[in-house]
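Hydrogens, waters and symmetry mates play no part in the numbers below; they use all other heavy atoms, side chains included. Just so it is clear, the model here is predicted, and its values are computed rather than measured.
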Amino acid sequence: MKIKGVRWWIIGLIMLITIINYLDRGTLNYMWVANIEYTLTDSFNPSLRVNQATQINEQTYLLTNGQGNEIQVEASRISLKEKNGQTMVINKEGIAYDLGLISTDLSTEEAAKQAKDILGTITIFFMIAYGISQLVSGKMYDKIGTRKGFFVSVLLWGAADAMTSLSRGILSLTTFRMMLGLGEAGPWPGTTKSNAEWFPQKERALAQGLFGAAASLGSIFAPIIILMLYITLGWKLTFVVVGGFGLLWLIPWIIINKKGPKEHPWITDKEKEYILTGQPEIKITNDKGKGWRELLSNKKNWSVILGRFFLDPIWWMFVTYLPLYLADVFKLNIKEVAFSAWVPYVGAMVGSIAGGWMSGFLIRKGKSVDYSRKAAMLLGGFIIIPSIIAAVYSTTSIMAVIFMAFVLGGFQFVMTNIQTIPSDLHSGKSVGSLAGLGGASAVLGTILAILFAQYITNWLLLFSLLAALVPLSLLSIFLTVGKIEQIK
């Protein structure tokens with residue numbers, strides 16, 4: 001049996017698991033704290049089929065959700081607003097409150113800071129595991145191949161996310177998130193390696209762009225799917241359902257991804273020739289792969305390491321804190337967050353595909369790989385900086401998320417081309433290793449950024465400082481890489 005375009009089936013499956021990857025990592029962030037609305041009524045009326053609040057006395061409210069479950073909260077913990085002629089009671093709920101991690105004695109501002117700091121701390125431990133995995137996964141994928149590598153990664157993170165439903169406190173919650181991080185990092189060096197195997201050089205940036213677009217698509221779906229599941233099932237079952245998506249994905253992956261393009265039984269001779277003749281590094285024989293010491297000794301490789309160290313924190317700060325930012329600054333309820341937080345990632349998806357397409361287009365037009373990659377990265381950088389400034393000074397949530405779409409679009413425009421550099425500089429077993437080093441440095445940069453963020457209480461200042469990371473990233477790349485070409 002022969003199938004046309006096997007390489008597109010492979011990247012399609014990788015795109016699907018990348019979407020699932022971002023659903024899994026978004027579970028905690030979106031269910032951490034949520035503004036839940038209750039309609040203020042004189043007494044509970046089950047026929048209304050909505051969350052209802054009744055005032056017991058000046059200090060206490062009785063909140064009843066649509067399933068009839070009741071909780072009593074102090075008046076100091078809730079806020080009131082008018083909506084469509086009704087008085088709405090806003091209560092902060094979510095994992096942080098259900099597990100008793102936020103003190104009920106704190107003021108609204110103090111509770112918001114505590115929620116942000118605890119989430120930041122858990123994320124740091126997630127990132128530590130994620131960074132270790134970037135290093136280990138790069139080597140693992142080089143050693144056992146992308147087919148088995150993806151299987152190990154997905155099995156680990158899918159099980160970890162499902163088991164997070166068993167969390168009873170900050171220790172168990174952090175442990176499961178670290179397990180998630182160990183699994184979730186794999187596809188990043190893994191996809192770079194897979195694209196180097198399955199695509200000619202002129203299509204790699206596009207393939208990498210599709211991968212980045214899938215990450216953005218996962219971030220688009222995450223607030224809607226996760227928060228709708230949370231409203232319907234609660235946070236524990238949401239973890240089980242979302243974690244199960246990845247485990248189901250393993251079935252088609254094992255069936256379709258049988259071998260590489262040289263030996264895959266379903267690939268046509270025409271596609272095989274097209275892929276292999278478009279890979280200049282295939283002429284390099286006896287490539288046993290370079291160790292970390294040898295990779296670090298070459299200045300060109302530091303372009304990937306330093307470029308990602310400075311740039312990646314922009315993405316992770318948005319992924320981690322966007323739900324909290326929208327709820328805290330613009331007072332959006334859980335449904336409003338769900339239908340607002342996806343907008344920035346539409347820009348990221350467009351930027352990811354456009355960034356890969358642009359460099360590939362320039363290569364097809366006769367420009368060098370060096371010129372094409374750098375031109376795309378510069379354009380992305382010019383998009384990010386003014387967009388960040390406009391976003392943080394926006395006075396409405398609609399304008400804020402629209403400008404954030406340009407921020408993340410520019411980010412992916414740059415990142416797609418940075419992630420392609422390992423396969424531009426190396427071949428074979430060195431590609432995943434360098435990609436893993438880049439991923440580990442990105443984690444280190446992100447951890448430092450999150451630690452720094454805990455000392456900044458002003459959202460405006462925090463996001464504004466991210467703009468300074470863009471020129472640092474681009475300068476570090478251009479000053480170290482020289483000409484982007486295969487290292488002899």
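- For the residue pair Ser359/Arg373, the side-chain donor-acceptor check at 3.5 Å is satisfied.
- The minimum heavy-atom distance linking Leu23 with Gly218 is given by the pair CD2-O, 4.0 Å.
- Around atom CZ of Phe478, more than 12 heavy atoms belonging to other residues, nucleotides or ligands sit under 6.0 Å away.
- Within the model, atoms CG of Asp424 and CD1 of Ile484 stand 6.5 Å from one another, a figure rounded to the nearest 0.5 Å.
- Environment of NZ in Lys143: sparse, with no more than 12 heavy atoms of neighbouring residues, nucleotides or ligands closer than 6.0 Å.
- For the residue pair His264/Asn257, the side-chain donor-acceptor check at 3.5 Å is not satisfied.
- Nearest heavy-atom pair across Ile275 and Trp198 is CD1-O, 3.3 Å.
- A donor atom on one side chain and an acceptor atom on the other are found under 3.5 Å apart for Trp235 and Asp98.
- Other residues, nucleotides and ligands contribute over 12 non-hydrogen atoms within 6.0 Å of the CH2 atom of Trp253.
- Between the side chain of Ser352 and the backbone N or O of Ala348 there is no donor-acceptor pair closer than 3.5 Å.
- Taking the six-membered ring for Trp and the full ring otherwise, the centers of Trp357 and Phe413 sit at least 6.0 Å from each other.
- Gln208 places no side-chain N or O within 3.5 Å of a backbone atom of Thr420 that could act as its donor or acceptor partner.
- With hydrogens and angles ignored, the 3.5 Å screen pairs a side-chain donor or acceptor of Asn35 with a backbone N or O of Leu332.
- Distance alone, capped at 3.5 Å, is enough to place a donor-acceptor pair between the Thr480 side chain and the Ser303 backbone.
- Sorted by first and then second residue, the salt bridge (charged side-chain N to carboxylate O under 4.0 Å, His left out) pairs with a member in residues 298-311 read Arg308-Asp312; sequence neighbours excluded.
- Judged by distance alone, the side chain of Ser394 and the main-chain N or O of Ala391 form a donor-acceptor pair under 3.5 Å.
- Residues Glu271 and Arg7 are paired through a salt bridge, judged by an N-O separation under 4.0 Å between the basic side chain and the carboxylate.
- Formation of a donor-acceptor pair under 3.5 Å by the Ser133 side chain with backbone atoms of Leu182 is found in this model.
- In Lys2, the NZ atom is crowded: over 12 heavy atoms of neighbouring residues, nucleotides or ligands sit closer than 6.0 Å.
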List the steps and the verdict of side-chain hydrogen bond (donor to acceptor under 3.5 Å, both in side chains) for Asp24 and Trp157.
CA-CA 8 Å; Asp24 284 313; Trp157 97 56; 2.6 Å; yes
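- Counted by atom type alone, Asp161 and Thr27 present one or more donor-acceptor pairs between their side chains at under 3.5 Å.
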Stepwise, does the side chain to side chain contact (heavy atoms under 4.5 Å, CB included) test hold for Leu28 with Leu173?
CA-CA 9 Å; Leu28 181 67; Leu173 189 61; 4.1 Å; yes
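- Between Tyr22 and Trp315, the ring planes are perpendicular. Angles over 60° get that label, and only those under 30° would be called parallel.
- Side chain of Ser473 to backbone of Gly307: a donor-acceptor contact under 3.5 angstrom is found.
- Between the side chain of Asp142 and the backbone N or O of Ser433 there is at least one donor-acceptor pair closer than 3.5 Å.
- With hydrogens and angles ignored, the 3.5 Å screen pairs a side-chain donor or acceptor of Trp342 with a backbone N or O of Phe339.
- Of the possible polar contacts, none joining the Ser172 side chain to the Ser167 backbone as a donor-acceptor pair under 3.5 Å is found.
- Both tests do not hold together for Lys148 against Phe151: distance to the six-membered ring centre under 6.0 Å, angle to the ring axis within 45°.
- Among residues two or more places apart in sequence or in another chain, the ring-ring contact (aromatic ring centres under 6.0 Å, His included) test is passed with Trp302 by none.
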Verify side chain to side chain contact (heavy atoms under 4.5 Å, CB included) between Leu466 and Phe318, making sure each step is shown before the conclusion.
CA-CA 10 Å; Leu466 295 178; Phe318 276 91; 4.2 Å; yes
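- When the side-chain contact (heavy atoms from CB on, under 4.5 Å) test is applied to Pro313, the partners found at least two apart in sequence or on another chain are Thr446, Ala449, Leu469.
- Between Phe403 and Phe406, the two ring planes are tilted [angle within 30° to 60°].
- Sparse packing is recorded around CD1 of Ile398, with 12 or fewer heavy atoms of other residues, nucleotides or ligands lying under 6.0 Å away.
- When all heavy atoms of Thr416 and Gly355 are compared, the closest pair comes out as CG2-C, 4.4 Å.
- Arg177 forms a cation-pi arrangement with Phe126, by the criterion of a distance under 6.0 Å to the ring centre and an angle within 45° of the ring axis.
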Phe199 vs Trp8, ring-ring contact (aromatic ring centres under 6.0 Å, His included): CA-CA, chis, key distance, verdict
CA-CA 9 Å; Phe199 287 88; Trp8 300 111; 5.1 Å; yes
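- Counted within 6.0 Å of CD on Glu273, heavy atoms from surrounding residues, nucleotides or ligands total 12 or fewer; the atom is thus considered open.
- Between Phe150 and Tyr141, the ring centre distance stays below 6.0 Å.
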